[in-house]
Amino acid sequence: MTFYTYNYLHATQHTWQYARVIVISILVIVFILFMLHYLRNKMDIKYKDLSVIIATLLLLILGMQYDDYSNIKSSSQQTGQMTTLVKEVAKRLEVQTDEVSVNATSQNQNLLVKTPKGYYRVDFNTDGSQFVLEKVDLHQANNIQVEDK
């Protein structure tokens, strides 16, 4: 069973989004440079062709970004909920947020929390706004891995 720390959840929340923005920015800059070079040297058609290739690649990536927007938004909200949950659990159990880890990156019915004080099962109410911690004992606690960044 794998548990994820607060640092892991917080770091993965933004990493992929920043990478996409960086790639799109680089492609826009390269496209502008090729177009400027083509406009200065109208006889050199290779820069026009390179600009068309970069523009096509840019449109393809922007299309994928738009298509994945709802998935990214949903994933970001779920990860944000988990980081909030980890903070709240740490506050209730009076431990540091770095010492708390959860066994999922999104809220579900079988959510477990690992703390220095033991393992807890999180029971949410029907709308997911409140939760109760119930202490549990794991049978095979030696098979646990903790993902941290």
Side-chain angles (χ1 to χ4, degrees), residues 1-93 95-116 119-131 133 138 140-149:
M1 184 181 308
T2 304
F3 282 81
Y4 304 97
T5 63
Y6 174 79
N7 293 334
Y8 178 87
L9 293 170
H10 190 65
T12 57
Q13 185 175 4
H14 302 291
T15 304
W16 182 242
Q17 294 171 359
Y18 289 139
R20 284 186 175 197
V21 169
I22 289 170
V23 167
I24 290 172
S25 300
I26 289 171
L27 284 175
V28 167
I29 291 169
V30 169
F31 172 72
I32 290 171
L33 290 175
F34 280 142
M35 281 304 292
L36 288 174
H37 200 29
Y38 167 69
L39 292 175
R40 287 186 185 163
N41 305 323
K42 295 244 183 196
M43 293 299 186
D44 200 359
I45 298 178
K46 71 179 176 183
Y47 292 108
K48 178 182 176 185
D49 294 340
L50 287 172
S51 296
V52 169
I53 290 170
I54 296 295
T56 305
L57 185 60
L58 185 61
L59 288 174
L60 177 68
I61 290 176
L62 285 173
M64 290 182 342
Q65 177 74 13
Y66 179 75
D67 186 44
D68 289 343
Y69 177 71
S70 62
N71 292 339
I72 291 170
K73 185 177 175 183
S74 172
S75 172
S76 180
Q77 286 175 345
Q78 289 175 354
T79 306
Q81 290 172 348
M82 291 304 291
T83 56
T84 304
L85 174 73
V86 169
K87 287 180 187 177
E88 183 64 28
V89 168
K91 184 174 146 186
R92 285 187 187 183
L93 296 176
V95 296
Q96 298 293 323
T97 55
D98 297 339
E99 298 174 331
V100 178
S101 54
V102 292
N103 71 333
T105 57
S106 62
Q107 288 184 359
N108 59 36
Q109 293 290 354
N110 300 319
L111 190 63
L112 296 176
V113 177
K114 178 181 180 287
T115 67
Y119 295 93
Y120 293 86
R121 184 169 55 109
V122 181
D123 289 327
F124 293 99
N125 64 352
T126 54
D127 65 354
S129 62
Q130 297 292 324
F131 64 90
L133 293 174
L138 296 181
Q140 296 179 342
N142 56 353
N143 293 337
I144 293 176
Q145 299 172 349
V146 177
E147 291 287 327
D148 192 13
K149 268 198 171 180

TODO: Test Val122 against Leu133 for side-chain contact (heavy atoms from CB on, under 4.5 Å), laying out the working first.
DONE: CA-CA 5 Å; Val122 181; Leu133 293 174; 3.7 Å; yes
- [ ] Find out whether the Lys NZ or Arg CZ of Arg92 is both under 6.0 angstrom from the six-membered ring centre of Phe131 and within 45° of the ring's axis.
- [x] yes
- [ ] Indicate the atoms forming the closest heavy-atom contact of Tyr120 with Leu93, along with that distance.
- [x] CE1-CD1, 3.7 Å
- [ ] Carefully, step by step, assess Met35 and Ile54 under the rule side-chain contact (heavy atoms from CB on, under 4.5 Å).
- [x] CA-CA 10 Å; Met35 281 304 292; Ile54 296 295; over 6 Å; no
Open item on the list: Within the 4.5 Å heavy-atom criterion, are Leu138 and Leu112 side-chain neighbours or not?
Closed with: yes
Task: Passing option when Phe34 is tested against Ile32, Leu36, Val30 for side-chain contact (heavy atoms from CB on, under 4.5 Å) - done: Val30
Open item on the list: Just verifying a value: how many Å separate Glu88 CD and Thr97 OG1, rounded to the nearest 0.5 Å?
Closed with: 12.5 Å
Task: Atom pair CG (Leu39) and NE2 (His37), whose distance is rounded to the nearest 0.5 Å - done: 11.0 Å
Open item on the list: Could you measure the distance from the CG atom of Leu60 to the CG atom of Leu27? Nearest 0.5 Å is fine.
Closed with: 10.0 Å
TODO: Please round to the nearest 0.5 Å and tell me the distance separating atom OG1 of Thr115 and atom CZ of Phe3.
DONE: 10.0 Å
- [ ] Dump the intermediate steps for side-chain contact (heavy atoms from CB on, under 4.5 Å) on Val52 and Thr56, then the final yes or no.
- [x] CA-CA 6 Å; Val52 169; Thr56 305; 4.2 Å; yes
- [ ] Calculate, to the nearest 0.5 Å, the distance between atoms OG and CD1 belonging to Ser51 and Ile45 respectively.
- [x] 12.0 Å
Task: From CA spacing to verdict: side-chain contact (heavy atoms from CB on, under 4.5 Å), Asn103, Thr2 - done: CA-CA 6 Å; Asn103 71 333; Thr2 304; over 6 Å; no
Open item on the list: Can you tell me how far apart OG1 (Thr5) and CG (Asp98) are? Round to the nearest 0.5 Å.
Closed with: 7.5 Å
